[in-house]
Amino acid sequence: MSKPVRVRFAPSPTGPLHIGGVRTALFNYLFAKKHSGVFYLRIEDTDQNRFVPGAEQYIFEALEWLGISPSETVGKNEKFGPYRQSERKYLYRQYADQLIDSGNAYYAFDTAEALDFHRKQHEEQGKTFIYNWHNREKLDTSLVLSKEETDKRIAEGEDFVIRFKTPVNETLHLHDIIRGDIQFETNLLDDKVLFKSDGMPTYHLANIVDDHLMETSHVIRGEEWLPSMPLHVLLYRSFGWEAPEFAHLPLILKPVGNGKLSKRDGDKLGFPVFPLEWKTEEGISSGYREKGFFPEAVINFLALLGWNDGTDKELFSLDELVEAFDLNRVHKSGAKFDPEKNKWFNHQYLQKQSNANLAKDFTVILNEKGISVAEDKLEVLISLIKERAHFVSEFWELSDFFLQAPTSYDEKAAKNWNADTPRLLQELISVMENIGEFTSSNVEMIVKDWMTKNEIGMGKVMQPFRLSLVGALKGPHLFDIVEWIGKAETIKRLEKAIATL
């Protein structure tokens with residue numbers, strides 16, 4: 001690489017950050033760290049009509065939660081500041097004027113009504129209206145007006161835009177790191193608006209100027225920006241600047257059907273498409289954080305949407321992703337979003353968590369229910385149930401019978417309860433009362449020895465025993481439950497089941 005790596009994530013604060021945007025940020029972050037470069041964040045808020053209060057702070061908070069905060073951004077190491085485009089608007093007019101002076105752009109005075117007329121006229125003829133080389137000298141532009149007339153109309157306050165003058169009859173041979181060599185015919189491109197008379201640039205001009213001034217080495221962005229690549233390369237050329245290298249990431253696709261993943265898909269199938277919860281007057285959109293996902297799990301599954309390291313490995317720490325990441329291994333085709341796989345990743349990361357950390361999270365749930373458990377005892381409980389959980393929020397359902405005696409019994413399981421069951425369980429209580437060391441292994445050995453000596457079938461005791469303690473035929477190893485709830489509670493539950501069933 002000829003120059004230091006500097007890459008950026010440049011979202012617009014128009015709402016919550018979509019998970020596709022998070023993946024773009026992640027791939028930029030991984031690429032920067034891999035090459036000892038800089039990952040910076042620029043807020044592209046030139047379209048003030050679409051600005052949403054709170055969206056900018058949401059972006060910063062989401063990236064911080066995920067552990068991929070930028071090295072430079074608004075209010076942080078502003079080496080090339082400001083990092084908010086609305087605060088840079090004084091910059092852009094001079095560059096638009098520079099393109100006018102070099103003959104690479106022109107003023108256009110067409111009204112909205114005039115453009116609408118041309119569109120409808122073309123539609124009637126079965127054509128599509130494109131503002132470019134074939135009609136720009138027939139429309140209301142500085143290309144057909146004298147300089148004096150152009151200056152007069154601008155001075156009188158007439159509305160105008162500055163359009164890029166796309167070259168004619170040229171084949172652009174461009175290279176994308178992910179997609180390889182691509183060709184574009186300039187005659188098929190339209191003359192994009194670069195600057196408006198309200199003093200604000202469009203995305204195209206501001207983006208190019210800022211990427212240049214902020215010394216961006218690589219532009220890694222979504223596939224939807226691929227059609228803009230020829231214009232952006234032509235703008236760099238028109239300014240006499242070296243263009244960055246480009247890499248266009250594949251789309252994240254719907255789990256079911258065709259097309260790009262949307263919020264509607266998440267609402268319909270019950271999974272988040274935003275990293276954090278987002279509240280509006282219309283309601284609340286769920287976030288991965290609030291749903292109980294670990295940030296490391298979110299990062300891991302996002303990294304594997306459209307990329308892999310060439311092996312079957314699926315679990316990567318952030319450091320391992322940095323080490324393995326290579327843009328050349330990013331796929332060209334879209335990646336299907338799999339909500340069940342997301343849960344699988346979270347399950348894997350839950351297993352990696354210490355029982356002490358999980359106990360802190362579970363304590364919050366227990367406090368809401370008015371239940372208090374000693375920390376060391378709670379850690380033991382978690383060790384018995386976490387293998388079955390995807391989220392900490394599932395711990396209560398997996399362990400409620402540890403913390404409170406059953407108030408009802410599964411009817412289907414109760415069918416195994418027969419006339420001889422109360423007598424056997426009463427004998428079991430007698431066995432229990434005489435056990436000194438009330439540990440899982442010791443109780444299991446003594447109970448099984450009692451059943452063997454008395455030639456009692458396993459099913460005759462073990463199923464009613466579990467039903468008495470749990471209320472259903474579920475849960476971890478029965479004698480682990482026995483040890484955790486203790487002798488007195490075990491006997492109490494057996495006596496209650498005998499009396500009830």
Return all side-chain donor-acceptor pairs below 3.5 angstrom for residues 53-63, not counting sequence neighbours, or 'none' if the list is empty.
{"unit_1": "E56", "atom_1": "OE1", "unit_2": "R84", "atom_2": "NE", "d": "3.0"}
{"unit_1": "E56", "atom_1": "OE2", "unit_2": "R84", "atom_2": "NE", "d": "3.2"}
{"unit_1": "E56", "atom_1": "OE2", "unit_2": "R84", "atom_2": "NH2", "d": "2.7"}
{"unit_1": "Y58", "atom_1": "OH", "unit_2": "L276", "atom_2": "N", "d": "3.0"}
{"unit_1": "Y58", "atom_1": "OH", "unit_2": "L276", "atom_2": "O", "d": "2.6"}
{"unit_1": "E61", "atom_1": "OE2", "unit_2": "R289", "atom_2": "NH1", "d": "3.0"}
{"unit_1": "E61", "atom_1": "OE2", "unit_2": "R289", "atom_2": "NH2", "d": "3.1"}

| field | Ring centres under 6.0 angstrom apart (F401, W484) | value | no
| To the nearest 0.5 Å, what is the distance between CH2 (W396) and NZ (K369)? | 5.5 Å
| field | Side-chain (S217) to main-chain (R6) donor-acceptor, under 3.5 angstrom | value | yes
| field | Lys/Arg N to Asp/Glu carboxylate O, E314 vs K341, below 4.0 Å | value | yes
| task | Any chance you could measure L403, atom CG, to L378, atom CG, to the nearest 0.5 Å? | result | 7.5 Å
| task | Determine whether the aromatic ring centres of Y349 and W344 lie less than 6.0 Å apart. | result | no
| message | Looking at E387, I'd like to know if its CD atom is crowded, meaning that more than 12 non-hydrogen atoms belonging to other residues, nucleotides or ligands lie closer than 6.0 Å. | response | no
| request: Kindly say whether E282 contributes a backbone atom to a donor-acceptor pair with the side chain of T280 at under 3.5 angstrom? | output: yes
| Rounded to the nearest 0.5 Å, how far apart are NZ of K291 and OG of S393? | 8.5 Å
| field | Test log, rule side chain to side chain donor-acceptor pair (under 3.5 Å), inputs E44 and Y203 | value | CA-CA 8 Å; E44 299 202 336; Y203 167 81; 4.5 Å; no
| query | Less than 4.0 Å between a side-chain N and a carboxylate O, is that true for K415 and E411? | reply | no
| said: How long is the straight-line distance from CD of E483 back to CD1 of I481, given to the nearest 0.5 Å? | reply: 11.5 Å
| said: Taking I220's backbone N and O only, do any of them form a donor-acceptor pair with N28's side chain (distance below 3.5 Å, no angle check)? | reply: yes
| Taking side chain as C-beta onward, heavy atoms only, is S286 less than 4.5 Å from P272? | yes
| Under 3.5 Å, is there a donor-acceptor pair linking the side chains of E444 and H477? | yes
| query | Which is it for N346 and H390 under the side chain to side chain donor-acceptor pair (under 3.5 Å) test, yes or no, and what are the steps along the way? | reply | CA-CA 6 Å; N346 209 63; H390 291 90; over 6 Å; no
| query | Would K386 and N355 count as having a side-chain donor-acceptor pair, cut-off 3.5 Å? | reply | yes
| request: List the steps, then state whether side-chain contact (heavy atoms from CB on, under 4.5 Å) holds for K343 with E340. | output: CA-CA 5 Å; K343 289 167 65 177; E340 290 305 311; 3.8 Å; yes
| said: Quick one: does any side-chain atom of T24 pair with a main-chain N or O of G20 as donor and acceptor, under 3.5 Å? | reply: yes
| query | Stepwise, does the side-chain contact (heavy atoms from CB on, under 4.5 Å) test hold for D265 with V273? | reply | CA-CA 8 Å; D265 298 309; V273 294; 5.6 Å; no
| said: Quiz question: by atom type and distance under 3.5 Å, do the side chains of R221 and H248 form a donor-acceptor pair? | reply: yes
| field | Flag, side chain of T73 to backbone of K76, donor-acceptor distance under 3.5 Å | value | no
| field | Y236 ring center within less than 6.0 Å of H232 ring center | value | no
| query | At what distance, to the nearest 0.5 angstrom, does CD1 of I446 lie from CE of M432? | reply | 9.0 Å
| request: Please find out if less than 6.0 Å separates the ring center of F27 from that of F325. | output: yes
| Is the ring centre of Y288 less than 6.0 Å from the ring centre of F293? | yes
| said: Nearest 0.5 angstrom please: N300 CG to F345 CZ, how far? | reply: 4.5 Å
| Would a distance-only check, ignoring hydrogens and angles, find a side-chain to backbone donor-acceptor pair under 3.5 Å from T490 to G486? | yes
| said: Can you give me the closest heavy-atom contact between V392 and F362, atom names plus distance? | reply: CG1-N, 4.0 Å
| note | Closest non-hydrogen contact found for Q351 with A389 is NE2-O, 3.6 Å
| query | Around atom NZ of K360, are there more than 12 heavy atoms of other residues, nucleotides or ligands at under 6.0 Å? | reply | no
| task | Write down the atom of V193, the atom of T202, and the distance for their closest heavy-atom approach. | result | O-OG1, 2.7 Å
| Any donor-acceptor pair under 3.5 Å from E290 side chain to E277 backbone | yes
| message | For R88, is there an ion pair with D210 - N to carboxylate O distance below 4.0 angstrom? | response | yes
| query | In terms of side-chain geometry, is the basic nitrogen of R179 or E223 positioned less than 4.0 Å from the acidic oxygen of its partner? | reply | yes
| Which of these, W241, Y90, F195, F164, sits in a ring pair (Phe, Tyr, Trp, His ring centres under 6.0 Å) with Y95? | W241
| query | Taking the side chain as C-beta and beyond, is there a heavy-atom pair between V470 and Y409 under 4.5 Å? | reply | no
| message | Around atom CD of E224, are there more than 12 heavy atoms from other residues, nucleotides or ligands closer than 6.0 Å? | response | yes
| Check: K254 main-chain N/O paired with K336 side-chain donor or acceptor under 3.5 Å | yes
| query | Would a distance-only check, ignoring hydrogens and angles, find a side-chain to backbone donor-acceptor pair under 3.5 Å from T421 to N418? | reply | yes
| Between S333 and P250, what is the shortest heavy-atom contact and its length? | O-CB, 3.1 Å
| Cation-pi between R42 and Y40: NZ/CZ under 6.0 Å from ring centre and within 45° of the ring axis? | no
| salt bridge (charged side-chain N to carboxylate O under 4.0 Å, His left out) with D480: which residues, sequence neighbours excluded? | none
| task | Verify the distance criterion only: is there a donor paired with an acceptor across the side chains of N442 and T439 at less than 3.5 Å? | result | no
| remark: Sorted by chain and number, sequence neighbours left out, salt bridge (charged side-chain N to carboxylate O under 4.0 Å, His left out) with K263 holds for D267
| task | State whether the number of non-hydrogen atoms from other residues, nucleotides or ligands found under 6.0 Å of K460 atom NZ is greater than 12. | result | no
| request: Assess K313 against F316: is NZ or CZ under 6.0 Å from the centre of the six-membered ring, and within 45 degrees of the ring's axis? | output: yes
| said: Assess, by modelled atom type and distance only, whether the side chains of S317 and D319 contain a donor and an acceptor separated by less than 3.5 Å. | reply: no
| task | Assess whether atom CG of D198 is packed by more than 12 heavy atoms of other residues, nucleotides or ligands within 6.0 Å. | result | yes
| field | Crowding at CD, E397 (>12 non-hydrogen neighbours, <6.0 Å) | value | no
| message | Using modelled atom types and a 3.5 Å cut-off, is there a donor and acceptor pairing between side-chain atoms of R50 and backbone atoms of T46? | response | no
| request: With side-chain contact (heavy atoms from CB on, under 4.5 Å) as the test, would you mind laying out the steps for N342 and F337 before giving the verdict? | output: CA-CA 9 Å; N342 294 356; F337 192 87; 3.0 Å; yes
| task | For E87, look at atom CD and say whether over 12 heavy atoms of other residues, nucleotides or ligands are found less than 6.0 Å away. | result | yes
| field | Flag side-chain contact, heavy atom, 4.5 Å: K89 against Q85 | value | no
| K34 atom NZ, neighbour heavy-atom count above 12 within 6.0 Å | yes
